[in-house]
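Remarks on the structure that follows.
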2 protein chains.
Amino acid sequence: MAGGLMQCRRIMLKLLALCFIIYLQYAQVAEARIRHYKWNVKYEFKSPDCYKKLVITINGRTPGPTIIAQQDDTIIVEVTNSLITENLSIHWHGIRQIGTPWSDGTEGVTQCPILPGETFKYQFKVDRPGTYLYHAHYGMQREAGLYGSIRVSLPDGKSEPFAYDYDRSIILTDWYHQSTYEQATGLSSNPFVWVGEPQSLLIQGKGKFSCSSVPSPAGVCNSSNPECSPYAITVIPGKTYRLRVASLTALSALSFQIEGHNMTVVEADGHYVEPFVVKNLYLYSGETYSVLVKADQDPSRNHWITTNVVGRPPNTTVGVAVLNYYPNHPRRSPPTIPPTGPIWNDTAARLAQSQAIKSHSGYIHTPPPTSDRVILMLNTQNTIDGYRRWSVNNVSFNLPHTPYLIALKQNLHHVFQQTPLSDGHEFLNYDIYSVANNSNATSSNAIYRLKFNSTVDIILQNANTMNINNSETHPWHLHGHDFWVLGHGSGRFNISTHPKQYNLVNPIMKNTVPVHPYGWTALRFRADNPGVWAFHCHIESHFFMGMGMVFEEGIDRVGKLPSSIMGCGESKGLGRP
Amino acid sequence: MAGGLMQCRRIMLKLLALCFIIYLQYAQVAEARIRHYKWNVKYEFKSPDCYKKLVITINGRTPGPTIIAQQDDTIIVEVTNSLITENLSIHWHGIRQIGTPWSDGTEGVTQCPILPGETFKYQFKVDRPGTYLYHAHYGMQREAGLYGSIRVSLPDGKSEPFAYDYDRSIILTDWYHQSTYEQATGLSSNPFVWVGEPQSLLIQGKGKFSCSSVPSPAGVCNSSNPECSPYAITVIPGKTYRLRVASLTALSALSFQIEGHNMTVVEADGHYVEPFVVKNLYLYSGETYSVLVKADQDPSRNHWITTNVVGRPPNTTVGVAVLNYYPNHPRRSPPTIPPTGPIWNDTAARLAQSQAIKSHSGYIHTPPPTSDRVILMLNTQNTIDGYRRWSVNNVSFNLPHTPYLIALKQNLHHVFQQTPLSDGHEFLNYDIYSVANNSNATSSNAIYRLKFNSTVDIILQNANTMNINNSETHPWHLHGHDFWVLGHGSGRFNISTHPKQYNLVNPIMKNTVPVHPYGWTALRFRADNPGVWAFHCHIESHFFMGMGMVFEEGIDRVGKLPSSIMGCGESKGLGRP
């Protein structure tokens with residue numbers, strides 16, 4: 001018996017040791033996992049909407065692979081550029097890059113572009129749960145298909161303030177048949193050549209173009225190509241789905257709806273929303289949402305998921321996907337006509353939905369009650385030296401040849417204009433309803449330098465474009481930060497009265513927010529992330545045409561720059577800084 | 001009278017002084033003129049053959065501006081890359097770059113590419129009179145329209161060994177409607193996708209595509225667009241013209257002819273040819289010729305100039321231009337049908353013309369009687385890891401990420417493979433008539449290192465491709481040197497017998513030479529130009545698919561490298577070497 005007891009104790013001790021080892025490994029995994037990806041980026045012929053054209057793929061796919069991580073994980077992505085003669089950079093949209101400003105992936109701002117044949121290593125921490133994106137941030141490459149999702153889950157043992165059974169991600173985009181080169185050439189030509197409305201809308205990279213609508217050489221457009229069969233989300237009747245929906249359109253504002261299903265909005269740009277129910281969700285390029293959808297409709301059939309253009313006269317067919325009720329076949333078309341979504345020009349409804357998004361009551365980050373600086377940003381369309389441009393406070397932005405992060409950290413003051421930009425208060429009385437006649441606009445690569453840890457208010461004001469009775473929607477995206485959305489309004493912003501109506505109680509925090517036609521949007525953020533950060537309209541052509549700017553804050557607190565971000569402008573050579 | 005004499009003397013002295021000043025200025029100009037160009041390179045929509053597509057222009061033009069210089073001038077070209085996301089480099093084809101190997105413009109070999117937004121300064125001396133070219137040397141950009149002529153005249157007081165009244169330059173190209181991205185993507189795909197034959201042939205940037213032959217969206221193809229009216233060379237009856245004709249085709253070997261006119265060949269690649277008369281001139285991509293043409297035909301009408309594809313089954317319409325007899329209108333079509341040129345598959349005629357080109361008797365550079373090294377280069381098509389490639393001695397070439405010139409000068413031995421390449425004598429018995437079955441081909445970025453000032457023989461041997469009964473024409477181009485063309489032959493090269501037939505008496509010197517189907521070509525050159533020099537097939541897709549190599553010679557004699565050539569691979573950073 002004694003021998004048996006001894007043996008039993010030995011086994012118990014070994015088991016305990018094993019448990020401890022397992023625990024150690026598990027704990028390590030849960031606390032500081034490294035997610036390592038190797039991506040090869042190249043051109044391939046694909047037919048996302050049945051029309052064959054060159055697209056940019058990551059490891060053969062567009063959208064690229066979804067990054068699935070847990071809060072506090074470190075993400076390493078080694079990106080190899082196989083584009084032959086074209087450079088590249090990838091932005092991690094919504095990731096603040098705290099301590100790693102050189103990994104923000106913004107060409108001209110935080111890094112030189114990645115050259116063909118080279119491999120660049122992005123490394124950063126995902127420090128908050130939520131729904132984020134990645135996409136090209138160079139020229140107009142995002143439009144060519146280089147984008148994907150980032151999904152960050154809560155630490156083990158923590159849970160969201162809402163319940164669901166399954167988690168799914170989709171990205172909505174609009175799709176052009178002209179190459180980004182053709183589009184960009186038109187935009188930078190005099191006379192200006194506009195590409196027109198997109199040919200189709202894609203849901204998770206799949207759309208449907210009507211091949212018979214334009215002549216094309218044999219083999220280019222094929223409606224029965226399986227690459228353009230509608231994307232299907234399979235659901236089990238009775239279950240609740242967290243659907244992470246994001247927009248990375250080049251141009252279009254969208255409405256998203258699921259036939260016969262309500263959606264409960266619970267997350268926006270990584271922040272919990274005080275839940276509210278919608279029939280349709282408006283999305284602007286750069287935004288992410290989570291909605292809860294219960295599979296509570298007729299389970300004997302499939303149901304349409306659709307997206308349609310709003311905010312512009314729609315000349316793009318509605319995009320469709322399928323909510324596939326298991327066990328129906330995912331390719332089985334619903335028996336109904338796909339819902340066309342709300343009318344395109346109901347600005348009031350869109351403004352109302354923007355205003356409805358508040359922080360979840362249990363997760364409020366209270367904003368500072370006042371700000372140290374108020375910058376008014378008047379968005380106008382202008383003609384500069386005969387070229388059509390977008391401007392903010394009459395300044396159209398362009399990028400320098402040496403990225404700001406390198407220039408500022410290394411005190412290369414000559415590589416960009418040092419003139420301070422205006423805080424814009426002189427534009428408070430600008431007539432936003434007249435065709436833009438501010439003919440004194442200029443181009444500049446000057447930036448805003450913000451006092452570290454100061455609180456900054458930004459008022460974005462939309463105005464009339466160069467066409468009569470036309471004002472557009474601009475989704476503005478801030479890198480390196482979330483901001484509080486203090487208010488949205490229509491008409492001209494009044495600095496005496498409107499700030500009194502700011503929501504300082506439960507404003508949502510976001511990284512991308514729309515400014516509606518002839519309207520204004522007020523934001524507040526803390527300049528507490530050392531680095532250099534782009535702030536720009538997320539419409540691909542608008543940023544390309546100058547609708548953006550750059551903020552510097554705490555540059556002296558930025559660590560040693562990796563030489564991998566160099567190679568352009570003033571940063572060529574064999575030495576190391 | 002005395003006063004009058006004094007005045008006369010004063011005037012004479014002033015005149016003398018004036019003459020002296022004029023002389024000084026003139027002498028200065030004639031001896032060391034600097035030709036300074038500023039070029040802006042961008043994409044534009046053009047319709048060179050009536051079909052509108054994106055082309056790469058220099059200062060709005062394709063072909064770009066002709067560089068007109070005199071022997072010993074220094075050329076400075078400041079190239080600004082406005083291609084948005086695509087890099088760039090420009091090679092000065094036929095210019096030896098003695099003392100300036102970093103200005104050869106060969107991406108991956110002598111420089112990092114020029115990034116968008118940057119300006120790169122090429123500076124070099126044109127040390128010999130003759131007809132040269134420039135063109136993009138990065139990816140397949142040359143095909144997109146980035147090319148032009150360099151014409152270097154003799155020093156004042158010297159004259160050519162032939163007489164003419166006027167001097168004209170034209171470049172012949174073939175033209176694809178698919179973008180270089182689409183073509184390159186197909187070439188580097190598995191399965192291999194071949195773009196097919198070119199849509200048209202351009203003479204000095206103008207061609208004619210039959211718009212009705214394929215469906216295209218409205219406005220894309222317009223036969224009456226003035227951009228695609230035939231190029232016209234206006235001549236005065238009775239005068240003699242020096243016509244500098246060059247080929248920069250992507251793929252095609254060409255025949256060039258002028259209806260009813262003989263042509264006397266007098267120059268090839270900058271060297272005087274013992275004159276001979278032809279009805280048609282065969283040209284291979286990268287070659288330049290001067291021919292004398294006398295306007296001695298019916299002056300009451302215009303005459304056709306045509307070019308047609310040879311060496312491949314022609315699926316490309318004959319290219320036409322007009323020899324416009326003054327005072328006929330240059331747009332007036334000749335009353336005849338344009339001559340179609342010789343039949344495409346008369347290899348013997350093409351070999352005979354190659355063999356007919358000898359050095360002008362008064363300008364013979366006698367080659368060294370023997371060589372220090374003989375490198376045999378067997379050209380084959382192969383499949384490597386499932387990809388279609390071209391190989392030399394079973395090695396398919398690819399470029400490293402750090403240019404060789406930087407790597408070698410700075411002793412960065414790890415950036416490319418150090419294994420020496422074979423001199424190829426083991427391939428002397430290769431069966432050139434069988435479908436390539438040399439399945440052990442590999443890819444490599446290794447190079448040939450040549451002893452400085454040694455004499456090197458290169459035997460280029462063509463073989464069967466991967467298709468039965470098919471061997472192609474390959475025009476090989478050497479950077480940094482001219483070589484003596486010792487011989488052309490058909491069939492397999494025999495190292496015992498053929499060298500005895502070499503022309504060591506009056507071989508022409510060239511920088512580009514064709515190797516005919518199932519044939520061989522023997523070259524000799526002195527490795528006397530310190531630097532790193534590409535040697536490759538000048539067919540755009542063939543070099544892209546690995547048909548090339550690099551020679552190093554006298555790297556220790558190369559001066560300090562300019563930091564402007566850096567920025568890629570290992571050459572990023574703020575320090576200076």
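Labels below follow one simple rule: chain letters A, B, ... track the order of the sequence lines, proteins then strands, and each chain is numbered from 1.
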Query raised in the report: Side-chain donor-acceptor pair under 3.5 Å between B:D49 and B:H177, yes or no?
Result: yes
Report summary line: Honestly, the part of B:T180 sitting under 4.5 Å from a heavy atom of chain A is neither
Report task. Go through the atoms of B:S216 and report whether side chain, backbone, both or neither lie under 4.5 Å from a heavy atom of chain A. Result -> backbone
Query raised in the report: Taking the six-membered ring where the residue is Trp, are the ring centres of A:W39 and A:Y134 under 6.0 Å apart?
Result: yes
Query raised in the report: Given that the side chain runs from C-beta out, which part of B:E44 has a heavy atom under 4.5 Å from chain A: side chain, backbone, both or neither?
Result: backbone
Requested in this report: Heavy atoms only, distances under 4.5 angstrom: which of A:P215, A:S179, A:S188, A:P113 has the most pairs with chain B? Name it, please.
Outcome: A:P215
**Report entry** B:E143 and its side chain to side chain donor-acceptor pair (under 3.5 Å) partner, picked from B:Q183, B:H135, B:Q178
**Finding:** B:Q183
Query raised in the report: Would B:W102 and B:V558 count as a side chain to side chain contact (heavy atoms under 4.5 Å, CB included) if you check the C-alpha gap in whole Å, the side-chain angles of each, and the deciding distance to 0.1 Å?
Result: CA-CA 9 Å; B:W102 44 77; B:V558 170; 3.8 Å; yes
Query raised in the report: Just by distance, do the side chain of A:T57 and the backbone of A:T62 share a donor-acceptor pair under 3.5 Å?
Result: no
Report summary line: Smallest heavy-atom separation, B:Q141 atom then B:E540 atom, equals N-OE2, 3.6 Å
Requested in this report: Determine if the SG-SG distance between A:C211 and A:C50 falls under 2.5 Å.
Outcome: no
Query raised in the report: Which residue out of A:T119, A:T85, A:I84, A:T185 racks up the most heavy-atom pairs below 4.5 Å with chain B?
Result: A:T85
Query raised in the report: What option among A:Y138, A:F544, A:F45 has the most heavy-atom pairs under 4.5 Å with chain B?
Result: A:Y138
Report summary line: Highest number of heavy-atom pairs under 4.5 Å with chain B among A:L88, A:L115, A:L54 belongs to A:L54
Query raised in the report: With a 4.5 angstrom heavy-atom cut-off, which part of B:I406 approaches chain A: side chain, backbone, both or neither?
Result: side chain
Query raised in the report: Side chain, backbone, both or neither: which part of A:L399 has an atom under 4.5 Å from a heavy atom of chain B?
Result: neither
